[in-house]
Amino acid sequence: MKIRLSVLLLFLSIVSFGQKKDIQVHNTKEYFIEYPKSWSLELSENPSVEFILKTKEQKTDPFRENITLVIQDLKEKDMSLEKYIELTESQLRNMMKGSAVVENVYDKIRKRHVLVYSVNVSSAYLKVKQHFYKKGTQVYILTFTALKKSYDDYKRIANTVLNSFVFKPERK
């Protein structure tokens, strides 16, 4: 059943991108994600940050919209995904004054939690969409960050990239 669902998700992500020649695939032992060839992939030296995907630089817009993947190990905390989301929301309220949660929902089909919020960081008004997955003792946090004014311009392609993230089936 898990393999069929993985194959179905892979097929849907490929179809949603259209032409295969316009995408790149970042493939690891644990997961893969597809992104437009026009975006750049930077692998991180920080052990908890896997990668950063960035849009092309533009002279008129110095901010580069991006998607990051952070992996946090909860081995010592014994925390459910629901508790982790509650903690994240609490940190947003306490550390990022003026932040506003726009969407907070658990996607039962894809087994992920989706959190969308706006926040002001160093006088930049940002809108952020996060997908949280729990696998074993680790939480995978896939985050799309954009300027609030350009969020809707990137929303479709960002959602396609976020939705292309798939865990590979575990081999026994």
Side-chain angles (χ1 to χ4, degrees), residues 9 12-13 16-17 26 30-36 38-44 46-58 60-74 76-167:
L9 291 174
L12 291 174
S13 66
S16 66
F17 260 118
H26 177 56
E30 297 166 8
Y31 64 86
F32 66 88
I33 188 167
E34 297 175 342
Y35 61 96
S38 61
W39 289 32
S40 63
L41 170 71
E42 294 177 15
L43 299 177
S44 176
N46 180 334
S48 65
V49 179
E50 285 280 299
F51 63 77
I52 303 169
L53 291 169
K54 294 181 182 179
T55 59
K56 282 195 280 188
E57 282 188 73
Q58 297 178 8
T60 58
D61 180 9
F63 184 84
R64 291 177 72 184
E65 285 67 21
N66 62 79
I67 294 177
T68 59
L69 177 62
V70 172
I71 301 174
Q72 186 169 11
D73 196 341
L74 301 179
E76 313 234 339
K77 296 177 182 80
D78 191 32
M79 188 181 296
S80 68
L81 186 57
E82 293 78 21
K83 289 286 184 194
Y84 189 86
I85 299 300
E86 287 175 18
L87 178 64
T88 300
E89 280 190 289
S90 174
Q91 289 173 340
L92 267 174
R93 283 190 302 273
N94 296 329
M95 298 169 74
M96 303 288 201
K97 300 296 181 198
S99 64
V101 174
V102 177
E103 182 180 351
N104 182 352
V105 64
Y106 183 75
D107 180 345
K108 292 178 184 175
I109 295 171
R110 294 193 173 222
K111 297 181 182 175
R112 68 181 178 201
H113 200 97
V114 178
L115 188 64
V116 180
Y117 56 91
S118 58
V119 64
N120 183 5
V121 178
S122 301
S123 70
Y125 294 96
L126 304 176
K127 192 164 181 183
V128 179
K129 182 173 192 172
Q130 294 183 301
H131 288 184
F132 297 82
Y133 301 87
K134 186 150 191 261
K135 185 175 182 189
T137 62
Q138 295 182 316
V139 174
Y140 289 70
I141 308 154
L142 198 56
T143 304
F144 166 56
T145 306
L147 289 173
K148 195 171 182 180
K149 66 182 180 181
S150 59
Y151 181 87
D152 288 338
D153 297 337
Y154 289 94
K155 184 177 177 179
R156 185 187 62 76
I157 192 67
N159 281 334
T160 302
V161 174
L162 293 172
N163 290 332
S164 76
F165 180 82
V166 175
F167 287 107

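The structure presented is a predicted model; accordingly, all values stated were derived computationally and were not measured. Below, all heavy atoms of this structure are taken into account, side chains as well, without hydrogens, waters or symmetry copies.
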Notebook entry, point to check: Does atom NZ of Lys83 have more than 12 heavy-atom neighbours from other groups under 6.0 Å away?
Noted result: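 Incorrect, the count does not exceed 12.
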
Note to self: I'd like to know whether OH of Tyr106 has more than 12 heavy-atom contacts from other residues, nucleotides or ligands below 6.0 angstrom.
What the structure shows: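 Check passes, neighbour count above 12.
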
Under a 4.5 Å cut-off applied to non-hydrogen side-chain atoms, are [X] and [Y] in contact?
X      : Y      : result
Leu74  : Gln138 : no
Phe144 : Glu65  : yes
Val161 : Leu53  : yes
Leu87  : Met79  : yes

side-chain hydrogen bond (donor to acceptor under 3.5 Å, both in side chains) with [X]: which residues, sequence neighbours excluded?
X      : value
Ser40  : Arg64
Glu42  : Lys54
Lys129 : Asn159

Just to verify, what does [X] make a side-chain contact (heavy atoms from CB on, under 4.5 Å) with, not counting sequence neighbours?
X      : value
Glu89  : Ile85, Arg93, Val101, Asn104, Leu115
Thr143 : Thr68, Val128, Gln130, Ile141, Thr145
Asn46  : Ser44, Ser48, Val49

Next item on the list: Hey, could you give me the CG/NE2 distance between Asn163 and His131, rounded to the nearest 0.5 Å?
Entry: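 Here the interatomic distance stands at 5.5 Å.
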
Checklist line | Cation-aromatic face contact Lys127/Tyr151, 6.0 Å, 45 degrees | finding: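 Ring-cation test returns yes.
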
Next item on the list: For Ser150 and Asp153, indicate whether the former's side chain and the latter's backbone hold a donor-acceptor pair under 3.5 Å.
Entry: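 Looks like no, no N/O pair under 3.5 Å.
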
Note to self: Has Ser90 got a side-chain atom pairing as donor or acceptor with Glu86's backbone, closer than 3.5 angstrom?
What the structure shows: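 No, because the side chain of Ser90 does not come within donor-acceptor range (under 3.5 Å) of the backbone of Glu86.
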
Margin query: Using every non-hydrogen atom in the two residues, find where Leu81 and Lys134 come nearest and quote the distance to one decimal.
Written below: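 Result for this residue pair: N-CD, 4.0 Å.
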
Note to self: Please give me the minimum heavy-atom distance between Leu92 and Ser99, naming the atom from each residue.
What the structure shows: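 Smallest heavy-atom distance, with atoms named: O-OG, 3.3 Å.
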
Checklist line | From Thr88, Val114, Leu142, Asp107, residue fulfilling side-chain contact (heavy atoms from CB on, under 4.5 Å) relative to Phe132 | finding: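 Per the side-chain contact (heavy atoms from CB on, under 4.5 Å) rule, the option paired with Phe132 is Thr88, out of Thr88, Val114, Leu142, Asp107.
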
Check: Parallel, tilted or perpendicular: which fits the ring planes of Phe51 and His26, with parallel below 30° and perpendicular above 60°?
Finding: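 Plane angle over 60°, so perpendicular.
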
Next item on the list: Measure the acute angle between the ring planes of Tyr140 and Tyr31, then classify it against the limits of 30° and 60° as parallel, tilted or perpendicular.
Entry: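 Tyr140 and Tyr31: perpendicular rings.
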
Item checked: Candidates Arg112, Lys111, His113 - the one meeting side chain to side chain donor-acceptor pair (under 3.5 Å) with Tyr133 ->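 Exactly one candidate clears the test, Arg112.
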
Next item on the list: Output, in order, the C-alpha distance, side-chain angles, deciding distance and verdict of side chain to side chain donor-acceptor pair (under 3.5 Å) for Tyr117 and Glu103.
Entry: CA-CA 7 Å; Tyr117 56 91; Glu103 182 180 351; over 6 Å; no

